[in-house]
Undergrad: 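Would you mind keeping the following structure in view while I ask a few things?
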Protein chains: 2
Amino acid sequence: MNPDQPNSKRESGDDRRVAIALAARQIIVEKGLEGLRTRDIAARVGINIATLHYHVPSKEALVALVAESLRDDFKAQALRHSRVGKSGLERLHLEFADFRETVADMPDLIIILTELVERARRDATVAEIMLPMRDFWRNQFAEIFRLGMSDGSFRSDLDPEAAALISTGAMSDCWRQSNPSLSMLERVQTELERSFIRKS
Amino acid sequence: MNPDQPNSKRESGDDRRVAIALAARQIIVEKGLEGLRTRDIAARVGINIATLHYHVPSKEALVALVAESLRDDFKAQALRHSRVGKSGLERLHLEFADFRETVADMPDLIIILTELVERARRDATVAEIMLPMRDFWRNQFAEIFRLGMSDGSFRSDLDPEAAALISTGAMSDCWRQSNPSLSMLERVQTELERSFIRKS
DNA sequence: AAATCAATCAATCATTTGATTGATACAAAG
DNA sequence: CTTTGTATCAATCAAATGATTGATTGATTT
């Protein structure tokens, strides 16, 4: 039997941890971090509670595991497109497209992200993982705006940090709405572009 | 003894409910909705758990009480300034000032609001209170932008709904940062204004 | 074949937690 | 003075919940 393709009840530790993180994420979407129970996760993975604790020692470690799995997703997403040799406006378009792609592929990602950023306020372990992520994303935008100001894409009186906060805040808030829609997101992105480009 | 100034251990039902809501809000700020315990609230108010249940029958009702208390705060805040006979830009400035005032007076308000909006996703009772609040706020901005487009304050190619979502999303996201600062909020508001006004 | 290790489970524990019960204190009304 | 209604508490319950224990199974190593 191929050891890379396990179909028995016995799985490798890494595979289990991935499955556990995935199940936890599903439950967080359904019931929030507040409604996350170790028993529910174990049931969804199809293992015993003790086995769950074997792979992830505590609930705190479990939440950290989810945070790491989120970071991995974002990292993978950030590397999908090349960024070299593009103008500020082109890179803004790329970043907008990336976000649309992300929410289309994983509509629940923003929800989990929001929950974890919320918890980061009182959980140092989670904060250490989530806050750098958010800062990195916003900083990407700030750099784009700085680049675009020097290459003439954007207004010369732009405040790059403020514009970056506005962009990331508006987009994530848009997807946090009661019934997020791709069309509304596109309207927001269009309006953001109109707000920052240099009017000729 | 003045019945309006009770200093005994016995308080009127309304006063108790206010005290309970306040204590609950403090605990939500410290430990999140997830860490909200009826015992902790009772202890902070200085009453027995059974007394707490006498005034607020269940935990669900308690969360709803907090939501109502939030709504009351926002309602009171919204009526502090007259809005008549102002231009779009003037009303935008008013709205910006209102937000700065709110976060200066009650820095934790946005935190509690975020927690409750988050819970609204799975709690119909809370949703019924919180979502209309958020929609009302955003709609205020949309109206301001519509007004300002017709009176010449703002760009004629503005999308009022998108601009409203951007404004509210950016401001609340700004105040959700790890260490929110009034100066960053002002930079964001300045940038928002530059984004939407008509360039002469 | 024996020894070792990784993965798993049934059973159980100790706490936490929302809620209830039955009784008491006090003020106002009759 | 008695009755009634509001506000309060000590004690307790039942369920939920994170975690542990002791043992078993199957693969890998020696």
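Chain naming here is simple, since letters A, B, ... match the order of the sequence lines and numbering starts at 1 in each.
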Undergrad: Before you tell me yes or no, could you show the steps for E118(B) and R176(B) under salt bridge (charged side-chain N to carboxylate O under 4.0 Å, His left out), namely the whole-Å CA-CA distance, both residues' side-chain angles and the distance that decides it to 0.1 Å?
TA: CA-CA 13 Å; E118(B) 187 59 44; R176(B) 261 196 297 264; over 6 Å; no

Undergrad: Provide the closest heavy-atom pair for L92(B) versus I144(B) in the form atom of the first, atom of the second, distance.
TA: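 For L92(B) and I144(B), the tightest heavy-atom pair comes out as N-CG2, 3.9 Å.
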
Undergrad: If I take atom NZ in residue K59(A) and atom P in nucleotide dA19(D), what distance separates them, rounded to the nearest angstrom?
TA: 8 Å

Undergrad: To the nearest Å, give me how far apart CD1 (I47(B)) and C1' (dA25(C)) are.
TA: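 Checked: the CD1 to C1' distance equals 16 Å.
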
Undergrad: By nearest nucleotide on DNA chain C, pick out whichever of N48(A) and D40(B) is the more 5' one.
TA: N48(A)

Undergrad: Can you list everything that forms a salt bridge (charged side-chain N to carboxylate O under 4.0 Å, His left out) with R187(B)? Sequence neighbours excluded, please.
TA: D159(A), E161(A)

Undergrad: Report the residue (I49(B) or P57(A)) whose heavy-atom-nearest nucleotide on DNA chain D is the more 5′ of the two.
TA: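 Taking each residue's closest nucleotide, the earlier one in sequence belongs to I49(B).
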
Undergrad: OP1 or OP2 of dT8(D) less than 4.0 angstrom from a side-chain nitrogen or oxygen of Y54(B), does that happen here?
TA: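 No, because none of the side-chain N or O atoms of Y54(B) sits under 4.0 Å from OP1 or OP2 of dT8(D).
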
Undergrad: Nearest nucleotide by nearest heavy atom, which residue falls closer to the 5' end of DNA chain D, R39(A) or A50(A)?
TA: R39(A)

Undergrad: Does dA6(C) have OP1 or OP2 under 4.0 Å away from a side-chain N or O of H55(A)?
TA: no

Undergrad: Can you tell me which residue among D73(B), D72(B), D108(B) is in a salt bridge (charged side-chain N to carboxylate O under 4.0 Å, His left out) with R25(B)?
TA: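 Testing each of D73(B), D72(B), D108(B) against R25(B), the sole residue satisfying salt bridge (charged side-chain N to carboxylate O under 4.0 Å, His left out) is D73(B).
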
Undergrad: Between R198(B) and G148(B) (side chain of the first, backbone of the second, donor and acceptor by atom type, cut-off under 3.5 Å), is there such a pair?
TA: no

Undergrad: Which of residues 19-38 of chain B sit near DNA chain C, with a heavy atom under 4.0 Å from it?
TA: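 Here the set is L36(B), R37(B), T38(B).
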
Undergrad: Using a strict 4.0 Å threshold on nitrogen-to-oxygen distance, state whether K86(B) and E95(B) make a salt bridge.
TA: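 Looking at K86(B) and E95(B), the cut-off is not met.
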
Undergrad: Between atom CG in D14(B) and atom P in dT6(D), what is the gap in whole Å?
TA: 13 Å

Undergrad: Expressed as a whole number of angstroms, how long is the span from H53(A):NE2 to dA6(C):C1'?
TA: 18 Å

Undergrad: How close or far is atom P of dT20(D) from atom CG of L52(A), stated in whole angstroms?
TA: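 About 12 Å, once rounded to whole Å.
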
